[in-house]
Amino acid sequence: MRRVIRVITLGLLLPLCPFGKDEEDWPSLGYLRNDYKSVSVVAHVLIREAEITGRVGGYENWRVSCEVLESFKGRFRRRDIVEYFQGAEAGLKKEYFTGEKIVFLLAEYQKEKKAFRYSVLENSTLPYTEDRARKLRLIRRSFVKKRSSAVW
């Protein structure tokens, strides 16, 4: 009898446990909005090439070349080729820098080269999912509405 009660209790409590949560819902809209506001460029990209350009302590600096598939913020458009830099813990496999990603890029103008240098906002690169793209399109529309409704 006790065993039956335990099984029923476990069955009722199991749906409340967070370990079954689908990772595609993460990150939240608020989290994405915060990162969106912090950077110059947000894009869905296809990584073409990645190589280590240097090492400092336990970290590696990667140069990544990618093609823009969809731009959510910034000056880049579909099919533009973008180069950016990303720091990562030493030993990260090159496979991490393959496929489709959503990147949040900071822009720094370099006077001597008269060009921008892009780097990833720390801990912001995400694998592409349709849910994340939908949230970013919603954020983009909300920012466009705010700019167009501003009184000059």
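In what follows, every heavy atom counts, from backbone to side chain, and hydrogens, waters and symmetry copies are set aside.
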Do [X] and [Y] sit in one hydrophobic cluster, given that two such residues count as connected whenever their side-chain heavy atoms are within less than 4.5 Å of each other, even indirectly?
X	Y	result
Ile47	Leu92	yes
Leu126	Val120	no
Leu121	Leu136	yes
Tyr31	Phe143	yes

Do [X] and [Y] come close enough that some side-chain heavy atom pair is under 4.5 Å?
X	Y	answer
Phe116	Ser40	no
Asn61	Ile52	no
Phe97	Gln86	yes
Trp26	Arg132	yes
Arg33	Leu29	yes
Val82	Ser65	no

Quick one: side-chain hydrogen bond (donor to acceptor under 3.5 Å, both in side chains) partners of Tyr128, sequence neighbours excluded?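 side-chain hydrogen bond (donor to acceptor under 3.5 Å, both in side chains) check on Tyr128 returns Glu130.
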Tell me who clusters with Phe85, hydrophobic residues only, linked when side chains sit under 4.5 Å apart either directly or through other members.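 Result for Phe85 is none, singleton.
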Show me the donor-acceptor pairs within less than 3.5 Å that the side chains of residues 100-111 make with the rest of the protein, sequence neighbours left out.
{"residue": "Glu100", "atom": "OE1", "partner": "His44", "partner atom": "NE2", "Å": "2.6"}
{"residue": "Lys101", "atom": "NZ", "partner": "Tyr96", "partner atom": "O", "Å": "3.1"}

Which residue pairs satisfy the salt bridge (charged side-chain N to carboxylate O under 4.0 Å, His left out) criterion with at least one member in residues 85-94, sequence neighbours excluded?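 Sorted result for residues 85-94: empty, none.
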Anything under 3.5 Å between a donor and an acceptor, one on a side chain of residues 67-77, the other on a protein residue two or more places apart or in another chain? List them.
{"residue": "Glu67", "atom": "OE1", "partner": "Arg48", "partner atom": "NE", "Å": "3.4"}
{"residue": "Glu67", "atom": "OE1", "partner": "Arg48", "partner atom": "NH2", "Å": "2.2"}
{"residue": "Glu70", "atom": "OE1", "partner": "Arg137", "partner atom": "NH2", "Å": "3.0"}
{"residue": "Glu70", "atom": "OE2", "partner": "Arg137", "partner atom": "NE", "Å": "2.9"}
{"residue": "Ser71", "atom": "OG", "partner": "Phe76", "partner atom": "O", "Å": "3.0"}
{"residue": "Lys73", "atom": "NZ", "partner": "Tyr36", "partner atom": "O", "Å": "2.7"}
{"residue": "Lys73", "atom": "NZ", "partner": "Val39", "partner atom": "O", "Å": "2.7"}
{"residue": "Arg75", "atom": "NH1", "partner": "Tyr118", "partner atom": "OH", "Å": "3.2"}
{"residue": "Arg77", "atom": "NH1", "partner": "Gly74", "partner atom": "O", "Å": "3.3"}

Apply salt bridge (charged side-chain N to carboxylate O under 4.0 Å, His left out) to Arg117 and list each qualifying residue two or more places apart in sequence or on a separate chain.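 Scan of Arg117 (salt bridge (charged side-chain N to carboxylate O under 4.0 Å, His left out), adjacent residues dropped) gives none.
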Residues in salt bridge (charged side-chain N to carboxylate O under 4.0 Å, His left out) contact with Arg79, at least two apart in sequence or another chain: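 Salt bridge (charged side-chain N to carboxylate O under 4.0 Å, His left out) check on Arg79 returns nothing, list empty.
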